[in-house]
Amino acid sequence: MGMSQFRQPARAAASAAMARTCAAAGAVYVGAMLIEGQYDLTTGAGLLACPRCDALHIEEELLSGEVARCVRCNTVLARPREGAFTRIVALSLTQVVLMIAATFFPFLQISRMGFGNDTSLFGVALAFSHGWMIPLTVAVIVFIVALPVMRALLLVYTLMPMAMGRRPARYAAPAFRASEIMRPWSMAEIFIIGTAVALVKVGGLASLHMGPAFWAFCALILVGLASRIYTSSATIWDALEDQGVRTDGREVVPASRAEATSAGRVPAASGGASVGASVGARG
Amino acid sequence: MNRPAAAAAAGHVAGHSSGHAPGHAGGGDVADHAPLLTAHRANLVGCRSCGRVWPSGHEICDRCGATLHPPDRKGLQAVWAWLAAGLICYVPANLMPMLKTETFAGIGASAEATILGGVIELIHYGNYGVAAIVFVASVIVPLIKFGAIAWLAVVAGRPATHEAAHTRLKVFEVIEFIGRWSMIDVFVVAILSALVQLGFVASIHPGPAAVCFALSVAFTMVSAQSFDPRLIWRGLPLRGRKDRTPG
């Protein structure tokens, strides 16, 4: 739901049109402490700023499957999905298991003229373990093994309690933020493409055999992609806030949801109806 | 405590909206070009990590713990600094050998290949597809990245039309997405060096360029991350009117 309001009277006109455009596009967002659709321009409560362009939006409750986009730059602000948290937890645990397999099974084998060599994932990282290149070994292990596993575990820690309908864990907010910071540095999928390039290069030189770790790693990438489809960080932040992570008292459940069970996400009835109502009242 | 104030603000807004709305209600794309209230203009500051809005001057987002910054050009210093670091590392990454190959018991050849040398070798063997991929990924893409980040940093905050702003954001998103993929070269070197250890037949060792290249990619990633895309939108036409909030 887009809201953009100049306090100068002459400018106020634009917002009504904008609110309507957004409502038509199904872009609605979730209200936290204030009654849905209310906001406070002095404290910022009930408002959201687009992280890409700073445009202000009123928070409203989204239904599963709806997408909230920024009215100005079209960046996706939230995209909740039914059962997303449970799926992300399951997929993250799968990633951890696959990574354990990928780390300890043989990764690639090569043979030529009676000479053979095989390597594990750690063997790959240890390729740089000569003298002053050692830091790169550490970096490679961090990029392709440590960070993907850490991210998966942090997501499990953040989302598992909420997926089971409980309050989030105590450090859920810092944990989720850490996982967001790690995201660009977690390079498992880049590594597997790198492997493909290396295999093509070696292909003519020697015969190759892909070990179980290679296939585990491929599966890991697919699971990671599936997990990413369900991840909407704005939705997770909102859920963390609504379900009890302390902010400054803004996390009070809105009136429309107070009647529903406190653990429930978005009651099916409230979203669409109240959006229409609030837009109508404002426009 | 917040509630009365919020109600008042909402009433204020609703009053003005209803007065002016009819003229605008019909046009869908009016919204796209209409002046917008940004957090900055409202004397608020938005969190770049989670989107929560706080009063101007608030330093840490109480929801996600990220540091809050107003969208000003001060942050561009970090962009330039990291970009310079990335460029500096990119030079030795291209001049020094990426791979050292020893073949046929040392009688045949002991070759040291730079990035470009590796591409030429691939073309030599007829692997045009792979040669193109490596050339694009390790030469073209880094150069485009440097150029694009520098361009974004130069034009940030300058007046722009909506179309120009959308183009800039697109460029930023492409750079942000593509940056980490340059690390592929480092991984290829690691895999080749770990795998091709065939004693007398052939062996491959990593060269110093691998480290420089990894550093260059990492610095460029940090540079792109330091760029605040909100600056792209600050130069929109309305700027002259009342863009800078007092204080």
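Neither the backbone nor the side chain of A:Ile181 comes within contact range of chain B; no heavy atom of the residue lies under 4.5 Å from a heavy atom of that chain. Of the atoms belonging to B:Glu121, not a single heavy atom falls under 4.5 Å from chain A. Proximity to chain B (any heavy atom under 4.5 Å) is shown, for A:Thr137, by neither the backbone nor the side chain. Proximity to chain A (any heavy atom under 4.5 Å) is restricted, for B:Pro71, to the side chain, taken from C-beta onward. Proximity to chain B is absent for every atom of A:Leu121, based on heavy atoms less than 4.5 angstrom apart. Using a 4.5 Å cut-off between heavy atoms, A:Leu136 contacts chain B through its side chain alone, with no backbone atom that close. B:Leu195 touches chain A through backbone and side chain together, each having a heavy atom under 4.5 Å away. For B:Ala214, the part lying under 4.5 angstrom from a heavy atom of chain A is the side chain only. Neither the backbone nor the side chain of A:Pro174 comes within less than 4.5 Å of any heavy atom in chain B. If you measure heavy-atom distances from B:Val186 to chain A, the contacts under 4.5 Å come from both the backbone and the side chain. When heavy atoms are compared at a cutoff of 4.5 Å, B:Phe177 does not approach chain A at all. Both the backbone and the side chain of B:Ile191 come within less than 4.5 Å of a heavy atom in chain A. Neither the backbone nor the side chain of A:Phe176 comes within contact range of chain B, judged by heavy atoms closer than 4.5 Å.
For chain A, the option among B:Gly129, B:Ser182, B:Ala66, B:Ser49 with the highest count of heavy-atom pairs below 4.5 Å is B:Ala66. Residue with the most contacts toward chain B among A:Phe143, A:Trp132, A:Trp185: A:Trp185 (heavy-atom pairs, distance under 4.5 Å). Taking chain A as the reference chain and counting heavy-atom pairs below 4.5 Å, the highest number among B:Pro206, B:Gly46, B:Ala210 is found for B:Pro206. Highest contact tally toward chain A, considering only B:Gly179, B:Ala218, B:Gly118, is held by B:Ala218 [criterion: heavy-atom pairs under 4.5 Å]. If you tally non-hydrogen atom pairs under 4.5 Å between each of A:Ala198, A:Pro184, A:Gly194 and chain B, the highest count goes to A:Pro184.
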task = Take B:His205 and A:Phe128 through the test side chain to side chain contact (heavy atoms under 4.5 Å, CB included) and record every step on the way to the result.
result = CA-CA 8 Å; B:His205 300 284; A:Phe128 295 117; over 6 Å; no
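One finds the CE atom of A:Met133 at 8.5 Å from the OG atom of B:Ser193 (value rounded to the nearest 0.5 Å). From B:Cys50, atom SG reaches atom CD of A:Glu241 across 7.5 Å, with rounding to the nearest 0.5 Å. If you take OG1 on A:Thr119 and CD on B:Gln197, they are separated by 9.0 Å, rounding to the nearest 0.5 Å. Rounding to the nearest 0.5 angstrom, the gap separating the CZ atom in A:Arg52 from the CH2 atom in B:Trp233 is 11.0 Å.
Sorted by first and then second residue, the salt bridge (charged side-chain N to carboxylate O under 4.0 Å, His left out) pairs with a member in residues 122-139 of chain A form an empty list; sequence neighbours excluded.
Evaluation of the ring pair (Phe, Tyr, Trp, His ring centres under 6.0 Å) rule for A:Phe191 yields A:Phe107, A:Phe217, B:Phe187 as partners, not counting sequence neighbours.
Taking the side chain as every heavy atom from C-beta outward, B:Leu44 and A:Leu56 approach each other to under 4.5 Å. In this structure, A:Met187 and B:Ile184 have side chains that are not in contact, with every pair of non-hydrogen atoms separated by 4.5 Å or more. Between A:Asn117 and B:Val196 there is no side-chain heavy-atom pair separated by less than 4.5 Å.
Between the side chain of B:Arg63 and the backbone N or O of A:Ala173 there is no donor-acceptor pair closer than 3.5 Å. Side chain of B:Arg180 to backbone of A:Ser186: a donor-acceptor contact under 3.5 angstrom is found. Side-chain N or O atoms of A:Asp54 include none that pairs as donor or acceptor with a backbone N or O of B:Leu37 at under 3.5 Å.
Minimum heavy-atom separation, B:Leu169 to A:Cys73: CD2-CB, 3.6 Å. Contact detail for A:Ala127 and B:Ala194: the closest heavy-atom pair is CB-N, 4.0 Å. Taking every heavy atom of both residues into account, B:Thr67 and A:Arg177 meet most closely at N-NH2, 4.4 Å.
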